[in-house]
Amino acid sequence: MDLDGLVLRPFCEDDLPFLRGFVTDPEIAGEFGWHGYGDPFRWERRWPQDGLLSDDRSMMLVANGDARLGFVAWSKVVASRVTHYYSFGIGLHPDARGKGVGTEAQRQLIRYLFDYSQVHRLEADTEAENIAEQRVLEKLGLTREGVIRAAVFRDGAWRDGVRYSILRTDPRP
């Protein structure tokens, strides 16, 4: 896949049905993204309020030309009365996995959040068993901070998570 055309862009209303698969189809959500059936129309209901972009939680489409490949999302984490940072994540369609799309999309998201917000810290969590995502986060210059014990319930079991972070002042590859 040619990654030169990969972009993050705000969702359009006609992109919203693409998101439904991530809460209605275990194969689209993927092993680490599937947490049982969810509300398939939650994004359509939220759309009129903020177009999926707000001060507290946002999403953008990962696209290459007309191809919808997945999404990136981030949400505000309030650390103190005067401080916040963002926690971010990604969901990719199965056809886009294992091709460098996730690495490039998250690289663009990190750049975007540091360029267009004043946050100093970004963090990402993944399951301890999700070695591929851990490699991506490390490749992007994030630092592994530690294990979050029994953080996620999925497929009948509590699973450990791993937290990564990057600071505005950290070197980026």
Side-chain angles (χ1 to χ4, degrees), residues 1 3 6-47 49-54 56-64 66-77 86-110 113 122-140 142 144-166:
M1 178 176 291
L3 298 179
L6 189 120
V7 296
L8 305 181
R9 67 165 175 79
F11 277 87
C12 297
E13 193 166 8
D14 65 344
D15 295 321
L16 298 177
F18 171 77
L19 287 174
R20 278 189 218 135
F22 289 91
V23 293
T24 61
D25 187 334
E27 289 186 27
I28 291 175
E31 175 186 5
F32 299 106
W34 183 250
H35 298 277
Y37 291 100
D39 177 359
F41 299 104
R42 66 182 178 192
W43 293 293
E44 281 94 344
R45 277 195 298 283
R46 184 177 154 203
W47 177 258
Q49 298 167 21
D50 61 18
L52 306 184
L53 291 169
S54 76
D56 293 327
R57 57 189 176 143
S58 297
M59 297 175 73
M60 282 199 283
L61 184 74
V62 178
N64 194 336
D66 292 334
R68 297 174 180 108
L69 305 176
F71 65 89
V72 291
W74 64 98
S75 58
K76 180 188 281 188
V77 179
Y86 292 124
S87 178
F88 70 91
I90 188 166
L92 291 178
H93 191 275
D95 296 341
R97 294 181 191 138
K99 299 176 181 175
V101 172
T103 303
E104 180 58 23
Q106 290 177 102
R107 181 186 328 279
Q108 289 184 25
L109 179 62
I110 290 166
L113 293 173
L122 303 174
E123 73 178 26
D125 295 337
T126 190
E127 283 191 32
E129 295 174 17
N130 192 346
I131 303 303
E133 178 63 3
Q134 291 176 53
R135 286 186 185 135
V136 166
L137 295 172
E138 290 168 4
K139 185 177 186 178
L140 293 172
L142 280 82
R144 182 181 171 127
E145 293 186 335
V147 173
I148 308 164
R149 299 179 325 146
V152 176
F153 188 80
R154 180 181 59 78
D155 198 23
W158 285 99
R159 298 167 190 280
D160 290 349
V162 183
R163 176 156 297 159
Y164 284 83
S165 71
I166 188 167

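- In this structure, CD1 on I131 lies 8.0 Å from CZ on F32, to the nearest 0.5 angstrom.
- Annotation for R149: atom CZ does not count as buried by contact number, only 12 or fewer foreign heavy atoms lying within 6.0 Å.
- The shortest non-hydrogen separation linking A73 to M59 is CB-CG, 3.9 Å.
- The closest side-chain heavy-atom distance from L137 to Q106 is below 4.5 Å.
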**L109 vs I90, side-chain contact (heavy atoms from CB on, under 4.5 Å): CA-CA, chis, key distance, verdict** = CA-CA 10 Å; L109 179 62; I90 188 166; over 6 Å; no
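- Side-chain contact between E123 and R163 is present, with at least one heavy-atom pair separated by less than 4.5 Å.
- Note that CG of L122 and CH2 of W74 are 11.0 Å apart. Values are rounded to the nearest 0.5 Å.
- Counting all heavy atoms, side chain and backbone alike, Y37 lies closest to T24 at CE2-O, 3.2 Å.
- Looking only at distances, no side-chain donor or acceptor of R144 sits under 3.5 Å from a matching main-chain atom of V162.
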**Message:** One pair to check against side-chain contact (heavy atoms from CB on, under 4.5 Å): H35 and F153. What are the steps and the verdict?
**Reply:** CA-CA 8 Å; H35 298 277; F153 188 80; over 6 Å; no
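- W43 and F71 have tilted rings, their planes meeting at an angle from 30° to 60° on a 0 to 90° scale.
- Taking CG from L19 and CZ from R42, the interatomic distance works out to 9.0 Å, rounded to the nearest 0.5 Å.
- Taking CD of E133 as the start and CZ of R97 as the end, the distance is 11.5 Å to the nearest 0.5 Å.
- Side-chain contact between H93 and L69: absent, with no pair of heavy atoms (C-beta onward) separated by less than 4.5 Å.
- No side-chain N or O of Q134 forms a donor-acceptor pair with one of E138 less than 3.5 Å apart.
- Distance check, rounded to the nearest 0.5 Å: CG of L113 to CD1 of I166 gives 11.0 Å.
- Residues V136 and T126 fail the side-chain proximity criterion, which asks for heavy atoms closer than 4.5 Å.
- In this structure, the side chains of R154 and E127 come closer than 4.5 Å at one or more pairs of heavy atoms.
- Closest approach of L8 to M60, counting heavy atoms only: CB-CE, 4.1 Å.
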**Request:** Kindly indicate, with the supporting measurements, whether the criterion side-chain contact (heavy atoms from CB on, under 4.5 Å) is fulfilled by L3 and T103.
**Result:** CA-CA 10 Å; L3 298 179; T103 303; over 6 Å; no
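- Residues L140 and Y164 have side chains not in contact (no heavy-atom distance under 4.5 Å, counting atoms from C-beta outward).
- The minimum heavy-atom distance linking S165 with E145 is given by the pair OG-OE2, 2.6 Å.
- Separating the CD1 atom in I28 from the CZ atom in R20 is a distance of 11.5 Å, to the nearest 0.5 Å.
- The nearest pair of heavy atoms linking V23 to P40 is CG2-CA, 3.7 Å.
- Contact detail for L61 and G70: the closest heavy-atom pair is CD1-O, 3.3 Å.
- Residues V62 and Q108 have side chains not in contact (no heavy-atom distance under 4.5 Å, counting atoms from C-beta outward).
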